[in-house]
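One structure below.
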Amino acid sequence: MAEENPFDERLESLVRRAVRRRLDAVLLFGEANIRAVTDVVCDNGCLVVSPHAAPTFITDFRYVPMAHRVAPWLKTVQLKRGQTFADAAKAALPRGVRRLGYEGSVPACRYRSLLKAFRRAELVDVAEDVLALRAVKTLPEIAKITRAVALNDEIWSLARKEMRPGMTEKDIQRIIRGFMNALGDGEAFETIVCAGANAAECHHVPDDTVWRRGEPLLVDMGVKLDGVCSDMTRCVRGRGEEYGDVYSIVLEANRAAIAAARPGMTCGALDKVARDIIRKAGYGKAFGHSLGHGVGYEIHEEPTARSKSKTVLEPGMFVTIEPGIYLEGKLGVRIEDLVLITPDGCEVVTRSPK
Ligand code: ZN
Ligand code: ZN
């Protein structure tokens, strides 16, 4: 129990948020949420955090030794046979819980078990608080994500050397996947490969469409490494005047947003920088998604750079800058980089040429 706890800071801010919201305790079930405050990776656990008790991790028999090894500073309790997490959490807390924080995303059966165990308590959804906490990365997380992004860049350049016109989208997906499995921990999400007009579908599922010579190709890929994700979109440019024009507009929007990203700016204002360029070029309706998202243990995290978002950028946040223009039946262009917000602007972590 005397071991140092590297997650003190995040746990403390979780407790501070709990106190601010007059919560007696917060129960976390989400794998990425638990990991972000303990480093414990477990899909069947409950972390109990409270201003009135030491942090306690409840899990079943299978995960107890792992929790002891990864987080020796954390009190780990083994779930008894037939006991619900809610009952075990209640036993780990002082009596009289009045307000209980939980993740609004829990399954209905779990929610009902919380209602049953904490009959007198008011349940308060704190999912957003936890996501906000995770949005600002710790130094080890920044190092890990930076390494994952560098590996993703390397895989893209290796794959480029093997990709040839005449291959199908699936062939190219297999090449990229192969490198991700060999050099990293696999895909952070299913690699998207779109030949020609298929790129007009933002999240096209690769099929047997052949990539023809002179045709553009869009690839959205992210390798997973040491538990964290990376995310990048690159287009191999194709022939055609309209394609060239659209590519230049998207690139301009991408560069302008990167130049603008800085702490203190709202996510809505960042989205607007890119959106204004695309709108003024006459393609406003063809950019139907938000500018970007955070990346971490999960592929989509906070902050979300979307229109009107009031979330303020802070140093230590990662956010993708991924404007796009999609013309159904014709073409699609998206250019996606990952940036890290720094004290005086942002650092572009993605290095692949665009
Ligand atoms: Zn992506
Ligand atoms: Zn993305």
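Both counts, for ligands and for their atoms, begin at 1 and track the order of listing.
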Practice task
Go through the structure and list residues passing ring-ring contact (aromatic ring centres under 6.0 Å, His included) with Tyr111, not counting sequence neighbours.
Solution key: Tyr102
Exercise for the section: Among residues two or more places apart or on two chains, list those pairs meeting ring-ring contact (aromatic ring centres under 6.0 Å, His included) that have a residue in residues 324-354. Expected result: His289-Tyr326
Handout entry: Among Ile58, Val41, Asn44, the one residue meeting side chain to side chain contact (heavy atoms under 4.5 Å, CB included) with Tyr63
Key = Asn44
Fill in the blank from the handout: With Asp337 as partner, the option from Arg234, Arg255, Arg351 fulfilling salt bridge (Lys or Arg N to Asp or Glu O under 4.0 Å) is Arg234
Practice task
Any pair with a residue in residues 192-234 that passes ring-ring contact (aromatic ring centres under 6.0 Å, His included), sequence neighbours left out, goes on the list, sorted by first then second residue, please.
Solution key: none
Exercise for the section: Using a cut-off of 6.0 Å, state whether more than 12 heavy atoms not belonging to Glu128 lie near its atom CD. Expected result: no
Exercise for the section: Give the total of protein N/O/S atoms at a distance below 2.8 Å from the Zn ion (ligand 2). Expected result: 4
